[in-house]
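Shown next, in structure tokens, is the structure this report addresses.
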Amino acid sequence: MSSIFICYSRVDQQMTEHLALLLRKAFNHVWYDDNLHGGEEWWSEILKEIAACQHFVLLMSDASLNSDWCQKELNEALRLNKHILPVLVRARTHIPDDLGRIQHIDMATGVSVEGLNQLYATLIRHAREETVAKARQKQSNADRRLLERLWLFIDGLYIELLN
């Protein structure tokens with residue numbers, strides 16, 4: 001099952017907690033920094049969680065988009081080619097062009113059934129596409145290995161006919 005990392009600003013903590021509670025009913029691993037404890041190296045823990053996640057959910061508000069830490073988390077997720085899923089949590093948020101090109105889910109008026117359905121559908125669809133892509137890559141690798149083994153037995157005349 002997919003794992004989800006939630007990136008947010010402290011001003012959106014109530015929304016984050018509510019959304020995480022709902023996501024945890026459907027997904028095995030939903031992480032945000034609610035479980036960091038004193039004495040932990042929090043940045044290395046965050047980096048570990050970003051590396052392990054399949055989905056990076058960015059709760060967009062002016063506060064999160066202007067936060068240096070949220071930007072560092074987003075840059076790490078982008079560097080690792082994570083599935084970025086922007087969720088608008090505050091109306092009148094100025095969305096930068098690079099994030100504006102990614103379809104976002106609008107929850108600016110709060111968590112609604114429609115917004116939650118869109119979020120679930122997007123997460124499930126992306127996980128399915130990722131599974132299919134991995135299966136295709138695995139088959140392609142197997143085909144390549146088979147062709148490498150058979151290459152010695154293929155007649156050069158046959159290859160000329162194929163061309």
Side-chain angles (χ1 to χ4, degrees), residues 1-140:
M1 182 59 78
S2 297
S3 66
I4 300 167
F5 181 97
I6 300 176
C7 176
Y8 72 103
S9 168
R10 291 275 182 238
V11 299
D12 303 315
Q13 183 147 359
Q14 186 176 9
M15 171 71 138
T16 304
E17 290 170 355
H18 183 62
L19 194 57
L21 178 71
L22 294 169
L23 287 171
R24 285 175 175 157
K25 293 179 183 211
F27 295 92
N28 289 337
H29 188 76
V30 177
W31 193 92
Y32 69 103
D33 63 0
D34 66 329
N35 214 10
L36 291 176
H37 303 289
E40 287 185 303
E41 291 185 37
W42 57 271
W43 183 242
S44 63
E45 184 67 19
I46 287 171
L47 292 175
K48 182 183 88 168
E49 291 293 334
I50 293 171
C53 78
Q54 280 81 40
H55 311 284
F56 183 91
V57 175
L58 173 62
L59 301 187
M60 293 191 304
S61 65
D62 283 330
S64 67
L65 295 175
N66 292 317
S67 162
D68 288 340
W69 289 109
C70 289
Q71 289 305 306
K72 288 177 183 183
E73 292 172 4
L74 176 60
N75 288 336
E76 181 66 7
L78 289 168
R79 186 183 74 76
L80 296 173
N81 290 321
K82 298 299 177 174
H83 174 228
I84 308 296
L85 182 51
V87 177
L88 184 65
V89 296
R90 299 257 180 189
R92 295 183 295 279
T93 296
H94 173 72
I95 301 172
D97 290 341
D98 56 339
L99 287 172
R101 288 188 283 275
I102 303 171
Q103 182 63 39
H104 69 267
I105 295 171
D106 191 345
M107 292 190 183
T109 59
V111 178
S112 65
V113 171
E114 175 65 26
L116 205 53
N117 282 341
Q118 287 178 15
L119 182 59
Y120 285 150
T122 301
L123 293 169
I124 291 166
R125 182 173 39 255
H126 186 271
R128 187 179 310 127
E129 289 170 0
E130 193 173 75
T131 301
V132 168
K134 285 180 183 178
R136 285 186 181 142
Q137 183 62 43
K138 186 176 179 181
Q139 183 61 49
S140 176

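Numbering of residues begins at 1 and proceeds along the displayed sequence.
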D68 atom CG, over 12 foreign heavy atoms within 6.0 Å: no
Verdict with supporting geometry, M107 and L88, side-chain contact (heavy atoms from CB on, under 4.5 Å): CA-CA 5 Å; M107 292 190 183; L88 184 65; over 6 Å; no
D106 and V87, any side-chain heavy atoms less than 4.5 Å apart: no
Check: L65 and L99 side chains under 4.5 Å, non-hydrogen atoms: yes
Gap between atom CG of L80 and atom CZ of F56 - 0.5 Å precision: 10.5 Å
4.5 Å side-chain heavy-atom contact, K72 and I46: no
Aromatic plane relationship, W31 with F5 - under 30° parallel, 30 to 60° tilted, over 60° perpendicular: parallel
Point-to-point distance, once rounded to the nearest 0.5 Å, from NZ of K25 to CG of L116: 10.0 Å
Approximate separation, where rounding is to 0.5 Å, of L123 CG and S3 OG: 10.5 Å
Contact summary for C7 and E73, nearest pair of heavy atoms: SG-OE1, 3.1 Å
4.5 Å side-chain heavy-atom contact, L19 and Y8: no
Atom pair NZ/CD of K82 and Q54 - distance to nearest 0.5 Å: 6.5 Å
Side-chain (E49) to main-chain (Y32) donor-acceptor, under 3.5 angstrom: no
Side chain to side chain, I84 and H55, heavy atoms closer than 4.5 Å: no
Donor on one side chain, acceptor on other, D12 and S61, under 3.5 Å: yes
Polar side-chain atom of D62 near backbone of H94 as donor-acceptor pair, under 3.5 Å: yes
Spacing of S64 atom OG and I6 atom CD1 [to the nearest 0.5 Å]: 12.5 Å
Aromatic ring pairing F27/Y120, orientation class (parallel under 30°, perpendicular over 60°, tilted between): tilted
Donor-acceptor pair, side chain of S9 and main chain of S67, under 3.5 angstrom: no
Any side-chain heavy-atom pair of L58 and H104 under 4.5 Å: no
Audit row: L119, L23, side-chain contact (heavy atoms from CB on, under 4.5 Å) steps and yes/no: CA-CA 9 Å; L119 182 59; L23 287 171; 3.9 Å; yes
Side-chain (Q118) to main-chain (I105) donor-acceptor, under 3.5 angstrom: no
side-chain contact (heavy atoms from CB on, under 4.5 Å) assessment of M60 paired with V89: CA-CA 6 Å; M60 293 191 304; V89 296; 5.7 Å; no
Atom pair CG (L59) and OG1 (T16), whose distance is rounded to the nearest 0.5 Å: 4.5 Å
Flag side-chain contact, heavy atom, 4.5 Å: D33 against R10: yes
Lys/Arg-Asp/Glu bridge criterion (N-O < 4.0 Å) met for R24, D34: yes
Side-chain touch L47/E76, heavy atoms, less than 4.5 angstrom: yes
